[in-house]
Amino acid sequence: MSAGEADDLTLSTFRAFYGANQFKIPERMGPMATERYNAPDRERYWQHIWDKNQIFRASEDHKQPKCYVLEMFPYPSGRIHMGHVRNYAMGDVFARFKRAKGFNVLHPMGWDAFGMPAENAAMERKVHPGTWTYANIDTMRGQLKSMGLSLDWSREIATCSPNYYRHQQKLFLDLLKKGLAYRKSSKVNWDPVDHTVLANEQVIDGRGWRSGALVEQRELTQWFFKITDYAEELLSDLDTLTNWPEKVRLMQANWIGRSEGMLIRWALDKDTAPKGFSELEVYTTRPDTLFGASFLAVAADHPIARAAAENNPDLAAFCDECRRLGTSVAEIEAAEKRGFDTGIRAVHPLDKSWQLPVYVANFILMDYGTGAIFGCPSGDQRDMDFARRYELPVVPVILPPGENKDTFEIKNKAYSEDGTMINSRFLDGLTTKAAFDKAADILEQQKLANRPQGARKVNFRLRDWGISRQRYWGCPIPVIHCEKCGVVGVPEQDLPVTLPEDATFDKPGNPLERHPTWKHVKCPTCGGDATRETDTMDTFVDSSWYFVRFTAPEAKTPVDKDAAHYWLPVDQYIGGIEHAILHLLYSRFFARAMCDTGHLKFASNVREPFSALFTQGMVTHETYKSQDGFWLLPNDVRLEGEGASRQAIEIATGRLAAIGPIEKMSKSKKNLVDPDDIIAHYGADCARWFMLSDSPPERDVIWTEAGVAGASRFIQRVWRLMDDIIEAYPQKPDKRPDTFGPDALELRKAGHRALDNVGKAIEALRFNVAVANIHEFSNVLQTVLTKSEPGLAWAAHEAGALLVSMIGPMMPHLAEECWARLGYNTLLANQPWPAVEPDLLVDDQVTIAVQVNGKRRDELVVSRTAKSEEVEAAALKLDSVVRALDGRAPKKVIVVPQRIVNVVG
RNA sequence: GCGGACGUGGUGGAACCGGUAGACACACAGGACUUAAAAUCCUGAGACGGUAACGUCGUGUGGGUUCGACUCCCACCGUCCGCACCA
């Protein structure tokens with residue numbers, strides 16, 4: 001695929017097609033214009049050519065340098081939306097650019113195909129979820145193909161296919177063997193609308209992320225993945241992800257939530273403790289504040305609370321009330337710190353004669369730490385609020401820097417920062433940190449019931465990942481429950497466990513559970529009657545390893561280790577910020593778990609699946625509302641006027657419609673523009689170009705008709721430029737001339753400068769900057785073309801080729817068409833990125849600014865190699881400088897070569 | 001409450017490591033071509049004053065460092081995002 005190599009198939013097909021389809025729009029559009037470029041028509045043609053030549057298939061030659069470019073695969077919801085267009089346009093520019101730079105590029109596409117919407121569709125429209133899903137995939141595949149993406153479609157996967165999920169079941173069984181998958185009974189988030197359990201990550205403000213229903217707490221036996229085993233590594237390895245957005249790393253770090261503290265066992269007073277309880281273990285990050293303690297508190301679900309409540313109806317009622325307390329933002333903010341004295345007394349670990357009350361409190365979480373704390377009101381605002389309400393002692397133990405011990409007073413505001421210890425006996429005078437260590441050391445050596453009283457402990461906020469879903473349209477969990485043998489993994493030769501086709505969706509609940517036969521099986525171990533697990537896996541499991549499967553989608557095992565070793569990690573991953581925690585954290589966990597179960601190996605010792613991540617902004621659009629209060633599609637309104645007098649008119653009724661704020665495109669607000677309409681009307685290149693222009697890719701882009709029309713105009717302009725080149729210089733001179741006139745040279749410089757800038761911009765995913773540079777160059781080309789001088793014929797053809805190469809990754813169809821028009825017999829998509837001639841990047845003459853006292857007064861054109869003294873002398877002679885100095889003598893002159901002169905006077 | 005990001009013309013945005021702020025584009029205005037419109041081409045434009053040359057001001061606000069600050073430091077204001085009783 002080297003430059004200049006003729007591609008016979010392409011050439012002959014091209015000529016045949018070209019001859020037969022001489023543009024169908026023959027109208028002359030003005031004196032300068034010839035035929036307009038018919039994008040939709042030509043795009044179909046080039047897509048056909050690329051497809052026929054299979055040029056985007058990744059090479060299996062593992063000796064070449066590789067580049068794995070991946071965009072987050074879509075959920076097949078029905079049709080692609082503008083968010084997809086933006087995401088895939090960006091990924092495609094990068095993939096095509098890397099191909100041109102000589103990499104063996106893997107750029108695959110697939111479908112995140114399991115999930116609730118398919119079941120909802122089944123319920124509403126009485127179609128099987130599979131039928132619905134595959135129909136959507138067909139539609140969306142067609143739409144993606146119409147975008148002209150450089151995808152290797154031979155690797156397409158759908159997670160709902162048994163060919164995919166059979167391997168996922170194998171992975172599950174191996175995780176089970178390794179203890180990384182386990183079952184436990186626990187309180188779970190139950191979505192009463194979707195009738196399913198949700199992961200903590202899927203509960204937002206106390207509501208289900210999909211249904212929006214208030215989540216309830218239920219005690220159920222569920223499957224979990226032991227992501228907490230990797231908490232430390234998942235946190236510390238974030239530091240290696242230097243090509244991830246800082247924001248995402250921070251969000252993950254906060255989510256994992258590491259804290260260093262200690263577990264402390266408090267002895268309970270025998271007379272007051274419930275039967276069977278002699279001690280209470282608490283978790284704290286502040287053992288240094290032990291002498292400021294004034295109470296202990298446990299969660300309502302804590303075993304000791306339950307035990308104490310048995311003989312105390314009032315306490316039992318209080319605990320019930322705590323459990324009912326919601327977790328939504330408003331409820332937490334409104335909730336006061338409340339507690340109930342259990343009557344139990346605990347012995348202070350550093351003073352046996354000191355007893356503290358044990359409360360049940362509504363602000364203690366059972367599933368963090370040990371579900372029990374000691375309260376130090378002076379050092380924690382919650383404890384302070386609690387102490388004031390129940391009139392417990394408030395003893396300041398930390399003196400803030402700069403405060404005086406004798407005058408320092410603490411009112412109702414706790415001080416939780418560092419300082420010097422006070423009122424803390426043998427810790428007095430120490431710094432917070434030293435006091436922490438001293439208290440911790442003592443407690444670790446001190447014994448309570450023959451065991452150390454305290455132990456340093458790192459605690460994480462991260463919980464294990466609950467993956468059980470009581471749904472049909474997901475990957476079946478491959479286990480069998482036998483009364484005699486317990487939980488038995490499905491033998492490998494019986495995989496895949498497939499979903500029954502004849503499930504019913506007419507009522508809520510799990511169709512697998514109520515299926516008459518599916519779950520009744522024989523136990524693989526003892527042969528007795530047993531039942532299948534009817535839960536399916538969270539769909540986030542499917543997307544946690546699909547990028548691995550792409551490296552060898554036909555492999556008989558889940559992973560072809562050689563292929564994975566070659567291709568992974570993904571070199572550039574692109575997707576929405578909404579996956580900052582869920583998908584990206586799960587995938588990082590999976591990569592490690594797959595390594596530890598022997599499925600995967602990485603070339604590096606860092607087990608990160610995505611070495612660079614880019615999170616693109618959303619596509620937004622104005623909203624419109626009719627006078628009846630209904631949202632209107634952009635297609636349903638006509639816009640008139642501009643500025644303050646701009647107004648929208650509802651086409652159907654002719655009535656005025658309200659123009660609302662610019663928001664993310666969504667079905668609910670109806671501010672949608674269908675990519676199909678745009679592609680059919682303007683072409684895919686236009687949609688792509690618009691998406692890449694102007695807005696920096698990480699920020700939101702506002703979709704406007706005017707912007708699209710502008711992009712379309714640029715396409716026609718490039719097309720005319722090719723006409724102009726060919727018209728002015730029908731033949732590209734074979735030999736490069738020895739000399740170039742000033743304009744020809746200027747054109748060459750502009751071309752190579754642009755080439756350099758555009759390459760760097762694409763590499764850094766700064767597509768808007770690349771677009772600006774291309775505009776700038778095309779402006780130069782257009783001006784210079786009207787001149788006539790030595791070397792211009794050659795330079796013009798070079799410029800044409802450069803321009804076309806530069807737009808190639810962004811508008812591949814137009815570029816391919818122009819490439820052919822310029823007379824090349826090859827596919828541009830197979831051409832290498834042109835080499836920059838470094839000599840052309842430097843100018844002999846440079847323009848430097850001249851400042852007087854930091855204020856720009858003039859500019860000076862000097863030789864690039866001019867000496868500072870010469871520049872200084874020239875600057876001082878300038879009229880403007882003399883005037884600005886107003887007779888004063890310059891005190892100092894600063895000359896920054898090739899940049900600026902500043903005269904201080 | 002905690003954490004983070006951002007703030008530049010009418011608009012989207014650009015500006016390398018502290019060195020000519022506003023590249024490029026959209027919208028706008030004027031002109032050319034046209035019977036006309038569309039399309040295309042040319043020209044103009046940060047604000048204020050001035051016919052102009054030119055001057056003053058100008059990157060959210062106030063200070064600081066520097067010969068020089070959109071860029072670095074401090075304080076504040078505003079907008080957006082994430083987390084949230086995590087001991």
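Please read these numbers as outputs of a predicted model, since none were measured by experiment. Side-chain atoms are counted along with the backbone in the values below, which use heavy atoms only and exclude waters and symmetry mates. Order of the sequence lines sets the chain letters (A, B, ...), proteins ahead of strands, with each chain counted from 1.
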- prompt: CG of A:Asp858 versus C1' of B:G19: gap in Å, rounded?
  reply: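 Rounded to the whole Å, the gap is 16 Å.
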
message = Quick check for you: to the nearest 0.5 Å, what is the distance between A:Met665 atom CE and A:Arg86 atom CZ?
response =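 The CZ atom of A:Arg86 is 11.0 Å from CE of A:Met665, to the nearest 0.5 Å.
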
Minimum-distance nucleotide to [X] side chain [options: [options]]:
X: A:Glu776; options: B:A87, B:G12, B:A23; answer: B:A23
X: A:Arg720; options: B:C41, B:U20, B:U56; answer: B:C41
X: A:Arg461; options: B:A87, B:A84, B:C24; answer: B:A84

Heavy atoms only, 4.0 Å cut-off, all strands: where does [X] land among base, sugar-phosphate and nothing?
X: A:Arg338; value: nothing
X: A:Ile702; value: nothing
X: A:Val896; value: base
X: A:Thr284; value: sugar-phosphate
X: A:Asp380; value: nothing
X: A:Leu365; value: base
X: A:Glu859; value: base

Exercise. Can you tell me how far C1' in B:C6 sits from the matching atom in B:U71, rounded to whole Å?
Worked result: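 About 15 Å, rounded to a whole number of Å.
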
For the base of [N], is there a side-chain donor-acceptor partner from [X] under 3.5 Å away?
X: A:Lys891; N: B:C67; answer: no
X: A:Arg883; N: B:C54; answer: no
X: A:Arg463; N: B:C86; answer: yes

Item checked: Whichever of A:Thr783 and A:Gly371 has its nearest RNA chain B nucleotide further upstream toward 5' ->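 Its nearest nucleotide being more 5', the pick is A:Thr783.
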
Residue whose closest nucleotide on RNA chain B lies nearer the 5' end, A:Ser259 versus A:Asn853: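 The residue whose closest nucleotide sits nearer the 5' end is A:Asn853.
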
Is the phosphate of [N] approached by [X] (side-chain N or O, under 4.0 Å from OP1 or OP2)?
X: A:Lys855; N: B:C57; result: yes
X: A:Arg286; N: B:C86; result: no
X: A:Thr704; N: B:G12; result: no
X: A:Gln252; N: B:G82; result: no
X: A:Arg713; N: B:A25; result: no
X: A:Asn779; N: B:A25; result: yes
X: A:Arg36; N: B:U40; result: no
X: A:Arg766; N: B:A15; result: yes
X: A:Asn254; N: B:C2; result: no
X: A:Tyr368; N: B:A87; result: yes
X: A:Arg899; N: B:C16; result: no

Just name whichever nucleotide pairs with [N], Watson-Crick or G-U, keeping both distances under 3.5 Å, else none.
N: B:C26; result: B:G10
N: B:C16; result: none
N: B:C83; result: B:G1
N: B:C70; result: none
N: B:U40; result: B:A32

### Task
Establish, for the pair A:Lys337 and A:Phe363, whether the NZ or CZ atom is under 6.0 angstrom from the six-membered ring centre and no further than 45 degrees off its axis.
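Yes - A:Lys337 lies over the ring of A:Phe363, closer than 6.0 Å to its centre and within 45° of its axis.
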
